[in-house]
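Note sheet for the following structure.
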2 protein chains.
Amino acid sequence: MTALLKQNIAAHTSLSETEMEEFCNLFELKSIPKKSFLLREGEVCKFEGFVVKGLFRVYHIDKNGFEQVLYFAIENWWITDIDSFTTETPSQLFIEAIEDSEVLLISKKDKEFAYANLPKIEKLFRVMTQKTHVALQRRMIDNLSKTAESRYIEFAEKYPQLIQRLSNIQVAAYLGITNVFLSNIRKKIASKK
Amino acid sequence: MTALLKQNIAAHTSLSETEMEEFCNLFELKSIPKKSFLLREGEVCKFEGFVVKGLFRVYHIDKNGFEQVLYFAIENWWITDIDSFTTETPSQLFIEAIEDSEVLLISKKDKEFAYANLPKIEKLFRVMTQKTHVALQRRMIDNLSKTAESRYIEFAEKYPQLIQRLSNIQVAAYLGITNVFLSNIRKKIASKK
DNA sequence: TCAAAACATTAAACTAGTTTAAAAAATCAA
DNA sequence: TTGATTTTTTAAACTAGTTTAATGTTTTGA
C-alpha cells in the first residue's frame with residue numbers, strides 16, 4: 001500500500017529499513033471522490049499528502065472569482081498547503097480531486113513526531129522543499145519571460161500524461177490565460193502541423 | 001560583524017550559544033563593489049550568502065536578451081542560486097551588486113559540515129526554504145491574477161525601502177513588464193492623487 | 001438513453017502591455 | 001564642471017491576451 005511512497009522517499013534520501021517503516025506507518029490512506037475537496041479556503045491544512053492514485057488541483061480563487069492553479073498533483077506527487085500547514089493559519093487555497101483519488105496523509109502531529117525522532121526526515125523535507133522551490137523559480141521565470149503560446153507548448157511537452165487528463169479550462173488556469181485564448185493557441189498550433 | 005546574521009538566525013530557530021558561534025564562524029565576509037558580480041551564468045554557485053550591507057539583484061537573461069529579476073536582496077536577506085548550489089550544476093542566474101555591498105558567505109563544504117554536525121541547522125534551512133517558497137507561491141498567484149498596475153502598487157507598499165533604491169528598469173524586470181509601461185503606470189497613479 | 005450541464009470553439013470588439021524612437025532628465029566619471 | 005552615459009518620459013503604432021456572447025461538442029447522471 002505504501003510501496004509507491006517508499007520508492008518516492010528513497011529517490012530523495014536514504015533511510016534504513018526501520019526508519020522507512022516507522023515513517024510510512026504514520027500515513028493513513030484516504031479515498032477522495034472526484035469533485036470533492038481535500039482542503040477548502042478558510043480551513044487550516046492539517047495534513048501533508050502523497051497521491052497514490054488520481055489527480056488533484058491546488059488552486060486559489062481571487063476576489064473577481066477567477067481561479068489560478070498553483071499546481072496539479074498526480075500519482076507520486078506530494079500535496080499540501082505548505083503555508084497553512086506550517087503556520088497553522090487558514091488556507092487561501094482549495095485542493096480538489098479532479099478524478100477519483102487516493103492519497104496517503106500524515107498529520108501535523110505525526111510529522112512533528114517524525115522530525116523530532118527521525119533526524120533524516122528533516123533532511124528529506126528540506127531536500128524536497130528545495131526541489132519544489134527550484135521548480136517554482138523556473139516557472140516564475142517562464143511566466144515573466146515567455147508568451148502563453150510557448151508556455152503551453154512547453155507544459156504539453158513536459159507533462160504529456162497530465163495534459164490529456166485535464167480540461168482546457170484547468171490548463172488555462174495554470175498558464176494564467178483564459179480558456180478562450182488557449183483555444184486560439186491550440187487552433188494556431190494545429191494549423192501549423 | 002555577524003550580529004545581524006545571528007539575529008536573523010534566531011528569528012527562525014533557537015540555537016544554543018555555542019551552536020550559534022560555531023555556525024557563524026563558518027561564514028566569511030566579502031565586499032562586492034557596485035556593478036560587480038557574486039555569480040554569473042554558467043558558473044557553479046559555491047556559496048550561500050547573507051547580505052550585511054548593500055543591495056543585490058538575482059536575475060536571468062532569456063534568449064532574447066531580456067532580464068527577469070527573480071528577487072532582490074538587501075540587508076538581512078539571504079542570497080544564493082539554490083538550484084546550482086544544491087545540484088552543483090552551472091547556474092542560469094546572475095547575482096549582481098546594485099550598490100557597494102558586503103555579504104557573509106558560507107561554502108558548500110562548510111554548509112555540509114554544519115548539516116552533518118549541527119542538527120538544528122538542517123531545521124533552520126528547511127524552515128527558511130519553506131518561507132521563501134511560500135512567498136514565491138504568493139507572488140506566482142499574484143502574477144497569474146493581477147494586473148501590472150496592482151502588482152506595482154503592492155510591491156511599492158510592501159517594500160517601500162527597496163523601491164527607492166531601485167531604478168524603474170529593475171522594478172519592471174521584477175514585475176515582468178517593460179520600463180515604458182511602468183512609466184505609464186506611474187504617470188497614471190500620480191495623476192490620480 | 002436522453003436531457004442537462006460542462007466544455008470547447010469561433011468571432012468580434014476591446015484593453016493591457018510591447019515596440020520603436022526621440023526628447024528630457026538624472027547620474028556618472030574624469 | 002562638463003560631456004558622456006544611463007534612465008525616464010512621451011507618443012504612436014502594434015500585438016498578445018480578454019471579454020462577451022453565441023454555437024457546437026462532449027460528458028454526466030438519473
Side-chain angles (χ1 to χ4, degrees), chain A residues 33-36 54-55 57 59 61-69 72 96-101 142-156 162-193, chain B residues 33-36 55 57 59 61-69 72 96-100 142-156 162-193:
Chain A
K34 185 173 176 170
K35 290 191 184 170
S36 55
L55 168 54
R57 58 200 267 256
Y59 64 100
I61 300 186
D62 69 25
K63 59 179 194 290
N64 302 315
F66 291 99
E67 300 179 0
Q68 295 88 41
V69 171
F72 300 103
E96 184 192 354
I98 293 179
E99 303 172 355
D100 289 336
S101 301
D142 283 354
N143 262 273
L144 290 174
S145 62
K146 292 179 180 167
T147 63
E149 180 174 344
S150 62
R151 265 145 54 211
Y152 172 71
I153 292 169
E154 285 164 25
F155 180 70
L162 189 50
I163 209 157
Q164 63 198 44
R165 291 161 73 178
L166 295 171
S167 71
N168 286 353
I169 292 175
Q170 284 149 1
V171 175
Y174 178 87
L175 297 174
I177 58 176
T178 60
N179 59 333
V180 175
F181 189 52
L182 179 53
S183 192
N184 290 339
I185 289 172
R186 286 160 54 84
K187 187 185 175 188
K188 188 179 159 196
I189 293 170
S191 75
K192 273 187 192 166
K193 286 182 183 168
Chain B
K34 186 173 175 168
K35 288 189 184 173
S36 54
L55 168 56
R57 59 199 266 255
Y59 64 100
I61 299 185
D62 69 26
K63 59 179 195 290
N64 302 316
F66 292 98
E67 299 178 1
Q68 295 88 40
V69 172
F72 300 104
E96 183 192 356
I98 293 179
E99 303 173 356
D100 289 336
D142 284 353
N143 263 274
L144 291 174
S145 62
K146 292 179 181 167
T147 63
E149 180 175 345
S150 62
R151 265 146 53 210
Y152 173 70
I153 292 170
E154 284 164 25
F155 180 70
L162 188 50
I163 210 157
Q164 63 197 43
R165 290 160 75 177
L166 295 170
S167 71
N168 287 353
I169 292 174
Q170 284 149 0
V171 174
Y174 177 87
L175 297 174
I177 58 177
T178 60
N179 61 333
V180 175
F181 190 52
L182 179 54
S183 190
N184 291 339
I185 289 172
R186 286 160 53 84
K187 188 185 174 187
K188 188 179 159 195
I189 292 170
S191 74
K192 275 186 191 166
K193 287 182 183 168

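Below, chain A is the first sequence line, B the second, and so on; all start at residue 1.
With C:dA21, D:dG17, C:dG17 as the choices, the nucleotide that has an atom nearest any side-chain atom of A:Ala148 turns out to be D:dG17. In the set D:dT18, C:dT9, D:dT10, the nucleotide with an atom closest to the side chain of A:Asn179 is C:dT9. Out of D:dG17, C:dT10, D:dA11, the shortest distance to the side chain of B:Val180 is found at D:dA11.
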Apply side-chain contact (heavy atoms from CB on, under 4.5 Å) to residues B:Tyr152 and B:Ile189 and explain how you reach the verdict. CA-CA 10 Å; B:Tyr152 173 70; B:Ile189 292 170; 3.7 Å; yes
Full working for side-chain contact (heavy atoms from CB on, under 4.5 Å) between A:Gln170 and A:Phe72: CA-CA 9 Å; A:Gln170 284 149 1; A:Phe72 300 103; 4.1 Å; yes
How far apart are the C-alpha atoms of A:Leu162 and A:Leu55, what are their side-chain angles, what is the distance that settles it, and do they pass the side-chain contact (heavy atoms from CB on, under 4.5 Å) test? CA-CA 9 Å; A:Leu162 189 50; A:Leu55 168 54; 3.7 Å; yes
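Scanning residues 167-176 of chain A for heavy-atom distances under 4.0 Å to DNA chain C yields A:Ser167, A:Asn168, A:Ile169.
For B:Thr178, no side-chain nitrogen or oxygen approaches OP1 or OP2 of C:dG17 to under 4.0 Å. Within the structure, every side-chain polar atom (N or O) of B:Ser183 is placed at least 4.0 Å from both OP1 and OP2 of D:dT8. Applying the 4.0 Å criterion to OP1 and OP2 of D:dT9, one finds that B:Arg186 has a side-chain N or O inside that range. Distances shown here put a side-chain N or O of A:Lys187 below 4.0 Å from the OP1 or OP2 atom of C:dA11.
A:Arg57 pairs by the salt bridge (Lys or Arg N to Asp or Glu O under 4.0 Å) definition with A:Glu67, A:Glu96, not counting sequence neighbours.
Interatomic distance, A:Arg186 CZ to A:Leu182 CG, rounded to the nearest 0.5 Å: 6.0 Å.
A side-chain donor-acceptor contact under 3.5 Å links A:Asp62 to the backbone of A:Phe66.
Contacts of B:Lys34 with the nucleic acid, taken as non-hydrogen atoms under 4.0 Å apart, involve only primed sugar atoms and P, OP1 or OP2.
Each of B:Thr147 and A:Phe181 lies near DNA chain C, and the nucleotide nearest A:Phe181 is the one positioned closer to the 5' end.
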